[in-house]
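Take a look at the structure below.
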Amino acid sequence: MHHSGPSVFSIPENETSAVTFILVGFSEYPDLQVPLFLLFLTIYTVTVLGNLGMIAIIRLNPKLHTPMYFFLSHLSFVDFCYSTVVTPKLLEILIVEDRRISFAGCIMQFFFICLFVVTETFILAVMAYDRFVAVCNPLLYTVVMSPKLCCSLVAASYSWAITCSFVFIHFMLTLFFCGTKFINNFVCEHDAIVAVACSDPYISQKFMFILATFNEIISLMIILTSYVFIVITVMKMPATGGRYKVFSTCASHLTTITIFYSIIICLYCVPTTKSSWLLVKVASVLYTVIIPMLNPLIYSLRNKDVKDAVRKLMSSLLSS
């Protein structure tokens, strides 16, 4: 069916509603379906318990009512959300023969993935700024990082993420889709959806690339600047004890940042070739399934305050 220019920009309702996507997932490895199902189910269980547990511990322990843990509880919330947007559908397509997903369902999943990934990007930047103030201006810390500023920074992260997600969706919907198409991923991820469009996706891809790169650069600039100042300040400290404490607090944050950014940059800031679909799938698994599980583990295992809070909670539960 031939289409002239304008129809690309206004998708006829009846045509788009008839569009069906089939998530290929890992169907080319039939022997791995059950092991992968069990693996992802385990990871998802750990993710949910870890992140909701982290939020509960932070809420229940007055000692953890500080800006750093306020941001950490939002990081846990975002991790829980985007794991929940992706993993249940992934588990479903691993065990069910019918791997279809409606056009609307796919677009909604893409919207929420964008929303939570962009939010996480900026919450990590906010956390770096928080560490910068704590290390470089310790006397002014409680004044600078007021509850009002903390709420504003988190609200700004969510608001910008919502804006980006709507922009991405807008450009996605300027494309024309037709018939039943196979999405070469287990998740409705931008490159995979755009690859099955029946119209030229050049503008959508270009815009996604520019906005994703802009988000990465801005947040990485905030993070790198914060950590340059932290390192300079720490190097001026006389006692090694103080140095160790600062570095151990920052190490967990740096670990999270390194894993998250390296994967996101590989996925969105490096143009995809058809031969790299397996790499895209693996990277998608890492950032949508693995990272949400790692964050609470990294922060709880490296953090004395969290460990103490968990011990206290356990002992109070056991004694009751």
Side-chain angles (χ1 to χ4, degrees), residues 21 23-26 33 35-59 69-96 98-124 127 154-155 157-166 168-169 172 183 185-190 192-193 215 256 259-260 263-264 267-268 280-300:
F21 292 144
L23 292 164
V24 172
F26 296 97
Q33 302 288 302
L36 282 175
F37 175 81
L38 296 171
L39 173 67
F40 292 138
L41 182 64
T42 309
I43 291 171
Y44 184 58
T45 309
V46 174
T47 304
V48 171
L49 295 175
N51 286 298
L52 295 182
M54 191 63 118
I55 294 168
I57 287 161
I58 292 168
R59 288 283 142 88
Y69 291 105
F70 173 70
F71 298 134
L72 185 53
S73 65
H74 278 280
L75 185 71
S76 288
F77 172 69
V78 168
D79 278 338
F80 164 72
C81 288
Y82 83 74
S83 177
T84 301
V85 168
V86 172
T87 316
K89 188 69 190 173
L90 166 58
L91 293 173
E92 184 194 318
I93 65 167
L94 280 169
I95 52 164
V96 177
D98 182 8
R99 295 191 302 275
R100 281 179 303 181
I101 185 170
S102 67
F103 179 75
C106 202
I107 294 294
M108 285 298 284
Q109 191 188 47
F110 172 67
F111 176 84
F112 284 113
I113 291 169
C114 290
L115 170 61
F116 295 122
V117 171
V118 175
T119 307
E120 173 138 350
T121 305
F122 284 96
I123 284 182
L124 288 172
M127 289 172 80
V154 168
S157 300
Y158 284 109
S159 306
W160 176 245
I162 290 168
T163 308
C164 286
S165 304
F166 275 118
F168 287 146
I169 291 293
M172 183 76 82
I183 290 211
N185 209 326
F186 60 89
V187 57
C188 289
E189 178 267 324
H190 182 267
I193 301 174
N215 285 340
T256 305
I259 299 169
F260 182 76
I263 294 166
I264 295 288
L267 255 187
Y268 289 112
V280 170
K281 279 188 205 180
V282 172
S284 301
V285 166
L286 289 173
Y287 92 94
T288 56
V289 181
I290 310 287
I291 288 179
M293 175 187 74
L294 287 183
N295 281 352
L297 294 177
I298 289 167
Y299 279 96
S300 56

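- Evaluation of the disulfide (SG to SG under 2.5 Å) rule for C106 yields C188 as partners, not counting sequence neighbours.
- Between atom CZ of residue F21 and atom CD1 of residue I107 there is a gap of 6.5 Å, rounded to the nearest 0.5 Å.
- Judged by distance alone, with hydrogens and angles left aside, the side-chain atoms of K281 form a donor-acceptor pair with the main-chain N or O of G25 at under 3.5 Å.
- Remark: the backbone N or O of F70 is paired with a side-chain donor or acceptor of S73 at under 3.5 angstrom.
- Separation of atoms OG (S76) and OH (Y69) is listed at 11.5 Å; rounding is to 0.5 Å.
- Of all heavy-atom pairs between F260 and Y82, the closest is CE1-OH, 3.7 Å.
- Pairs of residues two or more places apart, or lying in two chains, that qualify as salt bridge (charged side-chain N to carboxylate O under 4.0 Å, His left out) and include a residue from residues 99-122 are D98-R100.
- With a 4.5 Å cut-off on side-chain heavy atoms, F37 and L91 count as touching.
- Residues I123 and V78 form a side-chain contact, since some pair of their non-hydrogen atoms from C-beta on lies under 4.5 Å apart.
- Between M172 and I193 the shortest side-chain heavy-atom distance falls below 4.5 Å.
- Between the side chain of N51 and the main chain of P292, a donor-acceptor pair closer than 3.5 Å is present.
- Contact annotation: the side chain of V187 never approaches that of L90 to less than 4.5 Å [non-hydrogen atoms, C-beta and beyond].
- No side-chain donor-acceptor contact under 3.5 Å links S83 to the backbone of D79.
- To the nearest 0.5 angstrom, I263 atom CD1 is 7.0 Å from I259 atom CD1.
- The two residues T84 and P88 have their closest heavy-atom pair at O-CD, 3.1 Å.
- The OG1 atom of T47 lies 11.0 Å from the CD1 atom of I291; values are rounded to the nearest 0.5 Å.
- Looking only at side-chain heavy atoms (C-beta outward), I93 and K89 come within less than 4.5 Å of each other.
- Taking the six-membered ring where the residue is Trp, F110 and H190 present tilted rings, their angle falling between 30° and 60°.
- Residues M293 and V289 fail the side-chain proximity criterion, which asks for heavy atoms closer than 4.5 Å.
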Check: Under the side-chain contact (heavy atoms from CB on, under 4.5 Å) criterion, do V86 and F186 qualify, and how do the steps go?
Finding: CA-CA 8 Å; V86 172; F186 60 89; 3.7 Å; yes
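- To the nearest 0.5 Å, the span separating CZ on F77 from CE on M54 amounts to 16.0 Å.
- Between F116 and F112, the two ring planes are parallel [angle under 30°; tilted spans 30° to 60°].
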Check: Between N185 and V24, does a side-chain contact (heavy atoms from CB on, under 4.5 Å) hold up when you go through it step by step?
Finding: CA-CA 6 Å; N185 209 326; V24 172; over 6 Å; no
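- Listed by chain and residue number, V34 satisfy the side chain to side chain contact (heavy atoms under 4.5 Å, CB included) test with L38 (two or more places apart in sequence, or in another chain).
- Atom OH of Y158 sits in a crowded spot, with more than 12 heavy atoms from other residues, nucleotides or ligands closer than 6.0 Å.
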Next item on the list: Please report the C-alpha distance between I162 and L115 in whole Å, then the side-chain angles of each, then the deciding distance to 0.1 Å, and finally whether the side-chain contact (heavy atoms from CB on, under 4.5 Å) criterion is met.
Entry: CA-CA 6 Å; I162 290 168; L115 170 61; 3.3 Å; yes
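- Rounded to the nearest 0.5 Å, atoms CD1 (I113) and CE (M108) are 12.0 Å apart.
- Within the 4.5 Å cutoff, the side chain of F71 has no heavy atoms near those of the L75 side chain.
- Annotation: side chain of F40 is in contact with side chain of L94 (closest heavy-atom distance under 4.5 Å).
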Item checked: Verdict with supporting geometry, F111 and F168, ring-ring contact (aromatic ring centres under 6.0 Å, His included) -> CA-CA 8 Å; F111 176 84; F168 287 146; 9.9 Å; no
